[in-house]
Amino acid sequence: MKVSPLHLIGFLLLAGVLPIHAALIRRYKFVLTDTPYTRLCTNKSILVVNGQFPGPTLHATEGDTLVVDVQNRASENVTIHWHGVKQHRYPWSDGPVYITQCPIQPGSKFSQKIFLSNEIGTLWWHAHSDWSRATVHGAIVIYPRKKNNYPFRKPHAEVPIILGEWWNSDIQAVLTEFLDNGGDPNVSDAFLINGQPGDLYPCSRSDTFKLTVEYGKTYLIRSVTIVGSDASYTKQIRSDYIAISPGQTIDFLLKANQKPSHYYMAAHAYASAATYDNTTTTAIIEYRGNYTPPSSPLLPSLPTFNDINASVNFTGRLRSLGNKDYPVHVPKNVTNAFLFTISINLTPCPNDSCVGPYNERLLASVNNITFVQPTISILQAYYQHIRNIYGDDFPSHPPFAFNYTADFVPKALWRPQNGTEVRVLKYNSSVEIVFQGTNTVGGIDHPMHLHGHSFYVVGWGFGNFDKDNDPSNYNLVDPPLMNTIAVPINGWTTIRFQASNPGT
Ligand SMILES: *[C@@H]1O[C@H](CO)[C@@H](O)[C@H](O)[C@H]1NC(C)=O
Ligand SMILES: *[C@@H]1O[C@H](CO)[C@@H](O)[C@H](O)[C@H]1NC(C)=O
Ligand SMILES: *[C@@H]1O[C@H](CO)[C@@H](O)[C@H](O)[C@H]1NC(C)=O
Ligand SMILES: *[C@@H]1O[C@H](CO)[C@@H](O)[C@H](O)[C@H]1NC(C)=O
Ligand SMILES: *[C@@H]1O[C@H](CO)[C@@H](O)[C@H](O)[C@H]1NC(C)=O
Ligand SMILES: *[C@@H]1O[C@H](CO)[C@@H](O)[C@H](O)[C@H]1NC(C)=O
Ligand SMILES: *[C@@H]1O[C@H](CO)[C@@H](O)[C@H](O)[C@H]1NC(C)=O
Ligand SMILES: *[C@@H]1O[C@H](CO)[C@@H](O)[C@H](O)[C@H]1NC(C)=O
Ligand SMILES: *[C@@H]1O[C@H](CO)[C@@H](O)[C@H](O)[C@H]1NC(C)=O
Ligand SMILES: *[C@@H]1O[C@H](CO)[C@@H](O)[C@H](O)[C@H]1NC(C)=O
Ligand SMILES: *[C@@H]1O[C@H](CO)[C@@H](O)[C@H](O)[C@H]1NC(C)=O
Ligand SMILES: *[C@@H]1O[C@H](CO)[C@@H](O)[C@H](O)[C@H]1NC(C)=O
């Protein structure tokens, strides 16, 4: 990986008074290769960037521009997405396959420009085609423009922690298999902390990730999940656990105030679905100094797999910092209000050949539409006026109202429609979306992510959203600013944002 600041595009303000960083263009090179890796006693070839798993961390300062030259020397189509970067007026580099671009094919190159604006803290990048993101991902660390200006005491060190998932089988084979048979994908074989499963799994003791700390010091842990509030400061909350959903990032401070020894850091799944990987990944925090470490560190007690209270309680406590340096701009006058149901669906297969419930195929939908990927990117179709690639009829409300969170939803409502529909917004609209989970085929938590914008999470609740009573409880004072939010099982979540970034 090569980093070379090319030239200054900003000005040094108040030089000599406050150390203000001038915006830079930083250049990185990403080379994709199929590379052999061993985890859990299994050798296999995985798709990685620059031979690294997880991939390289990108370092930048607020407002910088990054240029990443992506070169595909591997055997499959791939695209890269900069998760949480708004990319103001530059959707061309956003990365989702067939939404903003065609894939980068084996043997070819694509140079991506990443325009940072007000993002600050930790984000991540990942492949946005098939399931390549399982191994093609890494952290993006964005420092404040005024050097060392944090709304908390400057930590002694900072450590990215990337939470990932490992399959012993080839990831594309897992994907192909479940697309063929219509059932659930096979669950993973391990969770990973910085690419390592930890010593509770076979063959991994020597590879376990270790964080060395010194008594009395504070460490900023930049945590990312793959499969991690989202480059925006929050009010400080204390917690002995963190609930993080796929795609989210959380920055937290660790005070090394315990008796010098070895301690476990551990993670497992919070699972609202029936089948899940029930294993636990670990890393070790090692204090510097002279002491006899325990033969086996104490394992922290994590919330149980199905502890929905632990999940919603943590997420529900997040608040924007919301002071004069970091103000909140939540839209108050909504111009477009949408209700989007999120469902799991079933559709029949020829000769009952699928392995989902009732021998049908599992699908998912929003407002009863299952997205059908086009073969020309929607952004290109829009700009070049290519017709019949997408329709603009995405409904603002569910086509049929029912008891979304009933224990049993009638089977007649389980079948979705297929479609490639978009919703067109006027520039600078103030948008509200209520995401309503449903219990068709089965209820589950749904992590929702928005490209091009961060959004304020103004409310959430269990049951069916009540348009007459729930809005009066919205937090329009200090709601958290996120790019990914988990809509709870049997519940709803409301987000608001200003649509001020043209693109798809
Ligand atoms: C994995 O590869 C290493 C060296 O590349 C080899 O020593 C080891 O025996 C292999 N393990 C398995 C399970 O094939
Ligand atoms: C790779 O992308 C090209 C261009 O969109 C497409 O024609 C081809 O079918 C893709 N290959 C695979 C294996 O998906
Ligand atoms: C998925 O799991 C099933 C049952 O354990 C196994 O037979 C199958 O080979 C697995 N598929 C892949 C792609 O690993
Ligand atoms: C985890 O799942 C496996 C296989 O599904 C099961 O055999 C095992 O008992 C489970 N372990 C725990 C701790 O629930
Ligand atoms: C969550 O909290 C509710 C109310 O406090 C309680 O009834 C329920 O049992 C809890 N659920 C779990 C899984 O702990
Ligand atoms: C969340 O947990 C804290 C600490 O256990 C508790 O005091 C608080 O009442 C809980 N809040 C909710 C909304 O459950
Ligand atoms: C709210 O927005 C509508 C539509 O744009 C506009 O007509 C109205 O004046 C706005 N109200 C306030 C209080 O800004
Ligand atoms: C379904 O089964 C019938 C009778 O066994 C067979 O003729 C037909 O080819 C099958 N269709 C498909 C799509 O597999
Ligand atoms: C919807 O279903 C839930 C769960 O069965 C039930 O508690 C609730 O009363 C139902 N709501 C309506 C409006 O029927
Ligand atoms: C979704 O659309 C299908 C096809 O029109 C219909 O059969 C089904 O009832 C609809 N489901 C819901 C929840 O609107
Ligand atoms: C929708 O797409 C799925 C998956 O490709 C297919 O099995 C199903 O038949 C389609 N449904 C309709 C109504 O066309
Ligand atoms: C967009 O809307 C915001 C808030 O309503 C307003 O402050 C801003 O001036 C608008 N920008 C443009 C370019 O219309």
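Just follow the structure's listing: the first ligand is 1, and inside any ligand the first atom is 1.
No donor-acceptor contact under 3.5 angstrom links the side chains of Tyr404 and Thr341, judged on distance only.
Taking a cut-off of under 4.0 Å to the non-hydrogen atoms of Asp407, the atoms of ligand 9 that pass are 4 (C), 5 (O). Atoms of ligand 9 found under 4.0 Å from any heavy atom of Asn403 (numbered from 1 in listed order, with element): 1 (C), 2 (O), 3 (C), 8 (C), 10 (C), 11 (N), 12 (C), 14 (O).
Within 4.0 Å of ligand 1, protein heavy atoms belong to Cys41, Asn43, listed by chain and number.
By the 30° and 60° cut-offs, the orientation of the rings of Trp492 relative to Phe465 is perpendicular.
The ring pair (Phe, Tyr, Trp, His ring centres under 6.0 Å) search around His449 returns His81, His83, His451, not counting sequence neighbours. Here Trp166 pairs with nothing under the ring pair (Phe, Tyr, Trp, His ring centres under 6.0 Å) rule; sequence neighbours left out.
Between Phe394 and Phe371, the ring center distance fails the sub-6.0 Å criterion. Here the two rings, on Phe191 and His268, have centers that are 6.0 Å apart or farther.
The list of salt bridge (Lys or Arg N to Asp or Glu O under 4.0 Å) pairs with a residue in residues 401-419, not counting sequence neighbours, reads Glu360-Arg415.
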